Amino acid sequence: MIIFISLFLLAIVLVINFFYIKRAKELEERNKKLEVLTAENAKVNQELQNTLSLLTSANQKLKDLDRLKDDFVSITSHELRTPMTAIRSYAWMALHKSDTPLSKNLEKYIIRILLSTERMINLVNDMLSISRIETNRIEINPESIDLISICKDIVDEVYYSKATDKNIKFVLLEQPIPKVLADPEKLREVLINIVGNALKFSHTGGKITIGFFTDGKVVETFVKDEGSGIGKEDLGRLFQKFGRLDNSYTATASSGGSGLGLYISKKLIELMHGRIWAGSGGEDKGATFTFSLPVAL
Ligand code: ADP
């Protein structure tokens, strides 16, 4: 009996031992696999670190290049503006202050020089504004502003002769509105662009209406024209950089613009804590551009 029990116990010990050795082997294999995986992990980690440092240095190089590009645009724009302003002044003097009568052809050529120079000056000014905006070098000096009087100034001083040339009627809806808080120069820039576009895309004999809404917290200014209009699919990209639409509606307007004006206007309005948006009924149904500005307390 004792022998039988001993044999039985021995068998149990052997079985336990067998499983123990098997388990130990499995654990050893698993450990080895883990070691391999850890080594592979370390390698991948190292590769990731290398890629990260490559990306960081590429990013830094791109930032440096971007700054160089901004400096280049800013310096060349400044340098171009001075001689172009001189060309414009001399062309104007040749046209209006010449001491000898101009032939019809010469007059036509000088008018072309004047118009082209004006376009170039506008483009250079747009590029300067963009470079200032994108490098955060634009300064906003907010003041309490009477929107109606600033709109009147722009219609009378800036666009009177162009509107007369195209026989376009301006209607300014003069209702009582509170003053707004904005930088007068930047607000002028925005209005010149929006009213200028309304004129550019209006048909001869059309009407441009400027009006206001207020809820006491903000004042919305809208500029509505009856011109070539904007397609629904294009409304979304109007305010992007170089957002000129070359569709059938606006192609007819031979606008000659840079596609930068609305992008700059949006940035300026946002810097003055406002919003800007556009609407249109579609082809030849006109367009309305509206921007909001906070009421001055
Ligand atoms: P641009 O210098 O070309 O006028 P903007 O950024 O001011 O540049 O305008 C971008 C584009 O938006 C214009 O080229 C034109 O296609 C469209 N647009 C702007 N205002 C009007 C408008 N009042 N009526 C129709 N299209 C307009």
Side-chain angles (χ1 to χ4, degrees), residues 73 77 80-81 84 115-134 138 151 154-155 158-159 162-163 165-173 185-211 220-271 274-292:
V73 169
S77 308
L80 281 173
R81 207 157 53 159
M84 279 187 331
L115 289 178
S116 298
T117 320
E118 245 162 40
R119 270 169 63 178
M120 278 204 285
I121 292 174
N122 288 343
L123 180 62
V124 161
N125 283 340
D126 280 355
M127 279 161 60
L128 262 178
S129 295
I130 288 208
S131 122
R132 287 202 192 109
I133 286 169
E134 294 192 342
I138 204 133
C151 288
I154 283 164
V155 171
V158 188
Y159 288 126
K162 272 188 191 157
D165 286 350
K166 270 180 103 174
N167 189 25
I168 285 169
K169 192 172 151 206
F170 270 113
V171 177
L172 181 62
L173 303 172
E185 283 310 308
K186 312 293 182 293
L187 179 56
R188 254 180 92 82
E189 201 175 329
V190 172
L191 277 166
I192 285 178
N193 177 46
I194 296 177
V195 177
N197 278 346
L199 255 178
K200 194 157 61 176
F201 295 103
S202 276
H203 307 305
T204 308
K207 183 173 87 178
I208 296 172
T209 311
I210 304 178
E220 289 177 7
T221 306
F222 69 85
V223 178
K224 182 176 184 309
D225 65 64
E226 302 171 335
S228 50
I230 302 159
K232 260 203 180 78
E233 65 287 359
D234 290 324
L235 282 172
R237 59 189 180 95
L238 279 176
F239 297 94
Q240 290 170 8
K241 216 192 285 184
F242 301 113
R244 261 189 86 185
L245 313 175
D246 289 322
N247 59 23
S248 55
Y249 314 157
T250 54
T252 50
S254 65
S255 67
S258 60
L260 295 171
L262 287 177
Y263 172 78
I264 295 171
S265 299
K266 182 170 190 283
K267 294 282 174 194
L268 293 179
I269 288 289
E270 284 172 356
L271 282 169
R275 281 194 319 117
I276 183 167
W277 64 96
S280 169
E283 185 173 5
D284 268 336
K285 297 263 168 61
T288 304
F289 283 78
T290 311
F291 64 84
S292 67

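Computed from a predicted model, the values in this text were never measured in an experiment. One-based numbering, in listed order, for ligands and for the atoms of each. For the numbers below, each heavy atom of this structure counts, side chains included, while hydrogens, waters and symmetry mates do not.
In the vicinity of Asn193, heavy-atom distances shorter than 4.0 Å reach the ligand 1 atoms 7 (O). Near Gly229, with a cut-off below 4.0 Å to any heavy atom, the atoms of ligand 1 are 25 (C). Within the listing of ligand 1, atoms 19 (C), 20 (N), 21 (C), 22 (C), 23 (N) sit less than 4.0 angstrom from a heavy atom of Phe289. Heavy-atom contacts of Gly261 reach the following atoms of ligand 1: 5 (P), 6 (O), 7 (O), 8 (O) (cutoff under 4.0 Å). Ligand 1 places these atoms under 4.0 Å from at least one heavy atom of Leu238: 12 (O), 17 (C). Residue Lys200 has at least one heavy-atom neighbour below 4.0 Å for each of these atoms of ligand 1: 1 (P), 2 (O), 4 (O). Atoms of ligand 1 found under 4.0 Å from any heavy atom of Leu260 (numbered from 1 in listed order, with element): 6 (O), 8 (O). The Leu262 neighbourhood of ligand 1 comprises atoms 5 (P), 6 (O), 7 (O), 9 (O), 10 (C), 12 (O), 19 (C), with distances under 4.0 Å to a heavy atom of that residue.
If you take CG on Asn125 and CD1 on Ile121, they are separated by 7.5 Å, rounding to the nearest 0.5 Å. The CG atom of Leu260 sits 12.5 Å away from atom NZ of Lys267, with the distance rounded to the nearest 0.5 Å. Annotation: the span from Leu172 atom CG to Thr209 atom OG1 amounts to 9.5 Å, rounded to 0.5 Å. Interatomic distance, Met84 CE to Arg119 CZ, rounded to the nearest 0.5 Å: 12.5 Å.
For ligand 1, the polar-atom distance check finds an N/O of Asp225 within less than 3.5 Å of one of the ligand's N/O atoms.
Considering only heavy atoms from C-beta on, Leu262 comes within 4.5 Å of Phe289 through its side chain.
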Given side chain to side chain donor-acceptor pair (under 3.5 Å), test Glu189 with Ser265 step by step and report yes or no. CA-CA 7 Å; Glu189 201 175 329; Ser265 299; over 6 Å; no
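Few gaps surround NZ on Lys186; more than 12 heavy atoms of other groups in view lie less than 6.0 Å from it.
Ligand 1 lies less than 4.0 angstrom from a heavy atom belonging to Gly259.
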